[in-house]
Amino acid sequence: MWNNSLNLMVINWMGQFNSASAHFNQIVHYMANSDLVKGFPIMGIIWFFWFRDTDPKSNSKRIIVATLIGCVIAVGITRLINNLGPFQPRPIANPALPYHAYIGLSEPKSQALYIWNSFPSDHATLFFSLAMGIFLISKRAGACVFLYVLLFIALPRVYLGLHYTTDILAGALLGTACVALCNRKGIVKLYDAPYQTLLNKYPAAFQAIIFIISTEISLMFYDVRLLGLGIVKYLH
């Protein structure tokens with residue numbers, strides 16, 4: 001699945017830059033691991049549109065709620081595929097690919113890079129789904145966020161050998177499709193009335209919960225996954 005012409009072409013093309021600049025590699029590595037670069041700016045834009053929505057007739061808050069729901073569903077589907085689908089090693093851990101040394105970076109120590117399935121990319125799924133939600137609110141802002149996700153989140157992961165191009169494309173397609181589906185009128189009707197009731201009756205509590213959920217989303221559900229691993233270890 002990984003050894004198609006598109007993946008190999010991109011890997012070989014990017015491989016020629018791995019030894020060009022230590023500073024560049026360090027910057028890309030920082031971007032790939034920094035929540036300040038990944039989740040926080042995009043979630044900040046979502047909250048900007050949430051608080052800007054003061055008109056009861058406006059649809060922004062409804063779109064944001066649908067986006068968060070679609071995002072969680074998309075990431076859940078991604079994790080199911082990761083765990084149940086055929087195993088595909090990450091480029092950096094694939095012995096069938098030529099080894100590329102990244103000047104200025106130490107060898108990755110995380111064993112997860114070698115045992116986790118690379119297809120599809122959960123980063124691409126999550127952040128492209130959020131970009132899709134912003135696009136449904138504002139075409140101009142959404143286009144800028146799509147470009148931001150591509151340049152500062154997706155491409156660094158391909159460059160560093162964490163994902164293949166097809167991993168990114170599959171994650172992006174899954175994320176945008178789930179958010180688009182959750183924003184369809186027929187789906188919105190399933191949760192619109194409870195959402196409006198909670199928001200109108202308990203505005204402070206509802207928005208606090210949404211804030212906590214959005215924070216976990218921007219952190220790639222890190223604390224939730226950590227809790228889950230702890231529970232699994234305890235049960236065993």
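For the single chain, residues carry numbers from 1 onward in sequence order.
In terms of heavy atoms, Cys182 sits closest to Tyr191 at O-OH, 2.8 Å.
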Evaluation steps, side-chain hydrogen bond (donor to acceptor under 3.5 Å, both in side chains), between Trp47 and Ser214:
CA-CA 9 Å; Trp47 277 101; Ser214 67; 2.9 Å; yes
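Although no hydrogens or angles enter the test, the distance criterion places no donor-acceptor pair under 3.5 Å between the side chain of Gln26 and the main chain of Leu105. Judged purely by atom type and a 3.5 angstrom limit, Asn117 uses its side chain to pair as donor or acceptor with the backbone of Gln88. The main-chain N or O of Phe119 is found under 3.5 Å from a side-chain atom of Asn82 such that the two form a donor-acceptor pair. Side chain of Gln207 to main chain of Pro203: a donor-acceptor pair is present (N/O by atom type, distance under 3.5 Å, no hydrogens or angles). Between the side chain of Lys38 and the backbone N or O of Met31, no donor-acceptor pair lies under 3.5 Å. Between the side chain of Asn7 and the main chain of Thr165, a donor-acceptor pair closer than 3.5 Å is present. The backbone N or O of His163 lies less than 3.5 Å from no partner atom in the side chain of Asp167, so there is not a single donor-acceptor pair.
Looking at Asn183, Leu68, Ile46, Val188 one by one, the single match for side-chain contact (heavy atoms from CB on, under 4.5 Å) with Ile63 turns out to be Asn183.
The closest side-chain heavy-atom distance from Ile137 to Phe48 is not below 4.5 Å.
No close placement of the Phe152 and Phe127 rings is indicated, their centers lying 6.0 Å or farther apart. Residues Tyr159 and Phe24 bring their aromatic ring centres within 6.0 Å.
Between the OH atom of Tyr202 and the OG1 atom of Thr197 there is a distance of 10.0 Å, given to the nearest 0.5 Å.
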